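Note sheet for the following structure.
Just so it is clear, the structure is predicted and the values come from calculations on it, not from any experiment.
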Amino acid sequence: MIEPPKVYLVHALPISMEPISASFRSYWPEARVAHLLDDSLFGDFDRDNKIITDAMIERFRRLGSYCVAAGADAIMFTCSVFGRAIEAVQHEHDIPVLKSNEALYGELMKRGGRVALLSTFAATLSTVTTEIEDCMTANGLRLQITPHLVEGALDALFDNRPGEHNRLIAEAAARFADHDAIAFTQFSMAPALELAQARVSTPILTPPNAAITKMKLLMGIAAQAG
C-alpha cells in the first residue's frame with residue numbers, strides 16, 4: 001500500500017498552525033501533515049528592520065534541509081513575509097516547496113479584475129503588493145489592486161480575542177463588496193472567512209485553501225512523472 005504524501009508545514013507564528021490544519025482536514029485529510037515551528041523568526045525579522053538578511057536566508061535553507069531529511073514529500077511555508085528566503089529553499093530541492101501566498105497569486109491572476117488585498121500586518125501588505133506586481137509583470141497581466149490594512153485585528157488575535165479579530169476582518173471585507181475578488185493575505189486570517197463571506201457575495205480567497213489546491217496538483221504531476 002502506498003503511503004499518502006508527507007507534507008511539512010513550516011511556521012513562524014503559532015497562529016498560522018490551526019488555520020492550515022483545518023484546511024487540510026477539509027480538503028486533503030489523507031495527507032500526512034507535520035508541523036515545524038520556529039517562533040523566533042518573526043521577532044528576528046522585526047529586529048532586523050523587516051529586512052531579509054543573508055543570515056535569515058541561511059536559516060530557511062536549514063529548515064528546508066531538515067524537512068527533506070525527515071522524509072518530506074513537499075514543504076509548505078505559512079509565513080507571508082519571508083518570500084526571498086523561501087525561494088532559496090525552492091532552488092535547493094526537487095520536491096514541491098510552496099511560499100505561503102504564491103498559490104493565491106495564481107488564483108488572482110486567473111480571475112483578473114479588481115482585487116482587494118486584506119492584511120492584518122503592515123509588512124505583509126507591502127510584501128504581498130510587491131509580489132503581486134512582480135507576478136503581473138511576469139505573466140503580462142494587469143489587475144486593479146486595492147491594498148487594505150485591517151488595523152487592530154492582529155492585536156486582537158495575539159490578545160486571545162479571535163471573535164474581534166474575525167469581526168474586524170469581516171467589516172473590512174464588506175467595504176470591498178464592489179470588487180471582483182477579496183484576498184486574505186495571511187494564513188492566520190482564514191478563520192474569519194465564514195463571517196466575512198456572510199457579509200459579501202464577492203468571492204473571498206484564502207492562502208490555506210489556495211495552497212492546498214496547488215500542492216495537490218503539484219503532487220499529482222510529480223506522481224505521474226515518476
Side-chain angles (χ1 to χ4, degrees), residues 9 15-16 18-28 76-83 86 96 98-154 156-157 162 164-218 220:
L9 307 176
I15 57 175
S16 299
E18 177 52 29
I20 185 59
S21 295
S23 288
F24 266 96
R25 288 193 295 269
S26 295
Y27 298 107
W28 199 5
M76 184 185 297
F77 287 87
T78 66
C79 29
S80 56
V81 295
F82 297 104
I86 298 167
L98 277 187
K99 293 190 288 184
S100 65
N101 283 318
E102 66 177 287
L104 181 69
Y105 301 157
E107 290 293 326
L108 293 176
M109 294 300 124
K110 285 189 284 187
R111 288 175 177 271
R114 300 175 66 203
V115 178
L117 302 176
L118 304 190
S119 295
T120 62
F121 182 48
T124 292
L125 194 60
S126 175
T127 297
V128 167
T129 301
T130 298
E131 290 180 345
I132 288 183
E133 289 172 350
D134 291 343
C135 192
M136 287 190 292
T137 299
N139 289 278
L141 299 172
R142 199 74 221 162
L143 303 177
Q144 286 184 268
I145 300 297
T146 308
H148 179 76
L149 179 65
V150 186
E151 295 186 4
L154 190 59
L157 194 58
E164 183 177 353
H165 166 269
N166 295 349
R167 177 183 61 79
L168 289 170
I169 293 172
E171 289 176 355
R175 296 175 56 181
F176 301 100
D178 61 338
H179 282 52
D180 297 300
I182 298 169
F184 293 171
T185 60
Q186 293 148 251
F187 276 63
S188 59
M189 297 173 69
L193 176 62
E194 184 176 356
L195 186 62
Q197 196 67 83
R199 300 284 298 271
V200 296
S201 58
T202 305
I204 300 176
L205 309 181
T206 69
N209 292 352
I212 288 176
T213 298
K214 180 165 184 176
M215 184 64 79
K216 290 178 74 173
L217 177 63
L218 291 174

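- Residues K214 and E102 are paired through a salt bridge, judged by an N-O separation under 4.0 Å between the basic side chain and the carboxylate.
- The two residues H165 and A156 make their nearest non-hydrogen contact at N-CB, 3.9 Å.
- In this structure, OG1 in T202 is found 10.0 Å from CZ in R114, a value given to the nearest 0.5 Å.
- Using a 4.5 Å heavy-atom threshold, the side chains of F121 and M189 count as separate.
- Contact of the V200 side chain with the F176 side chain is not registered, since no non-hydrogen atoms from C-beta on lie closer than 4.5 Å.
- Between R199 and E171, some side-chain heavy-atom pair lies under the 4.5 Å cut-off.
- A 4.5 Å side-chain heavy-atom check between L98 and L218 finds at least one atom pair inside the cut-off.
- With contacts defined as side-chain heavy-atom distances shorter than 4.5 Å, the pair I212/M215 does not qualify.
- Contact of the S188 side chain with the L157 side chain is registered, since non-hydrogen atoms from C-beta on lie closer than 4.5 Å.
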>> Using the rule given for side chain to side chain contact (heavy atoms under 4.5 Å, CB included), can you reason through S21 versus F24, listing the C-alpha separation, both sets of side-chain angles and the distance that settles it, and then say yes or no?
In response: CA-CA 5 Å; S21 295; F24 266 96; 5.8 Å; no

> Would T213 and Y27 count as a side chain to side chain contact (heavy atoms under 4.5 Å, CB included) if you check the C-alpha gap in whole Å, the side-chain angles of each, and the deciding distance to 0.1 Å?
Replying inline: CA-CA 8 Å; T213 298; Y27 298 107; over 6 Å; no

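- Note that CG of L104 and CD of Q186 are 11.5 Å apart. Values are rounded to the nearest 0.5 Å.
- In this structure, G112 and D180 approach most closely via the heavy-atom pair O-CB, 4.2 Å.
- Between A196 and F184 the shortest heavy-atom distance is CB-CZ, 3.9 Å.
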>> Run the side chain to side chain contact (heavy atoms under 4.5 Å, CB included) test on L118 and I204 for me, step by step, so that the C-alpha distance in whole Å, both residues' side-chain angles and the decisive distance to 0.1 Å come before the verdict.
In response: CA-CA 10 Å; L118 304 190; I204 300 176; over 6 Å; no

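- The local environment of CD in E18 is crowded, with over 12 non-hydrogen atoms from other residues, nucleotides or ligands closer than 6.0 Å.
- Counting heavy atoms from C-beta on, the side chains of V115 and H179 never come closer than 4.5 Å.
- Taking OG from S16 and CG from L9, the interatomic distance works out to 10.5 Å, rounded to the nearest 0.5 Å.
- For A153 against I169, the heavy-atom pair with the smallest separation is CB-CG1, 4.2 Å.
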Would you be so kind as to tabulate the donor-acceptor pairs closer than 3.5 Å made by side chains of residues 131-139, with sequence neighbours excluded?
| unit_1 | atom_1 | unit_2 | atom_2 | d |
| --- | --- | --- | --- | --- |
| E131 | OE1 | Y105 | OH | 2.6 |
| T137 | OG1 | E133 | O | 3.1 |
| N139 | ND2 | C135 | O | 2.8 |

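- Heavy-atom minimum distance, K99 versus G83: CD-O, 3.5 Å.
- Side-chain contact between L117 and T129 is present, with at least one heavy-atom pair separated by less than 4.5 Å.
- Considering OG1 of T185 and CG of L149, their distance stands at 9.0 Å, rounded to 0.5 Å.
- Note that OG1 of T206 and CD of Q197 are 10.5 Å apart. Values are rounded to the nearest 0.5 Å.
- Checked by atom type and distance alone, the side chain of E107 never pairs as donor or acceptor with a backbone atom of L205 at under 3.5 Å.
- A donor and an acceptor atom, one from each side chain of T124 and S119, are nowhere located under 3.5 Å apart.
- Residues S80 and N101 bring no donor and acceptor atom of their side chains to less than 3.5 Å of each other.
- Atom CZ in R167 sits 9.5 Å away from atom CG in L195 (nearest 0.5 Å).
- Partners of R175 under the salt bridge (charged side-chain N to carboxylate O under 4.0 Å, His left out) rule, at least two apart in sequence or in another chain, do not exist in this structure.
- Residues V81 and A123 approach most closely at CG1-C, 4.0 Å, considering heavy atoms.
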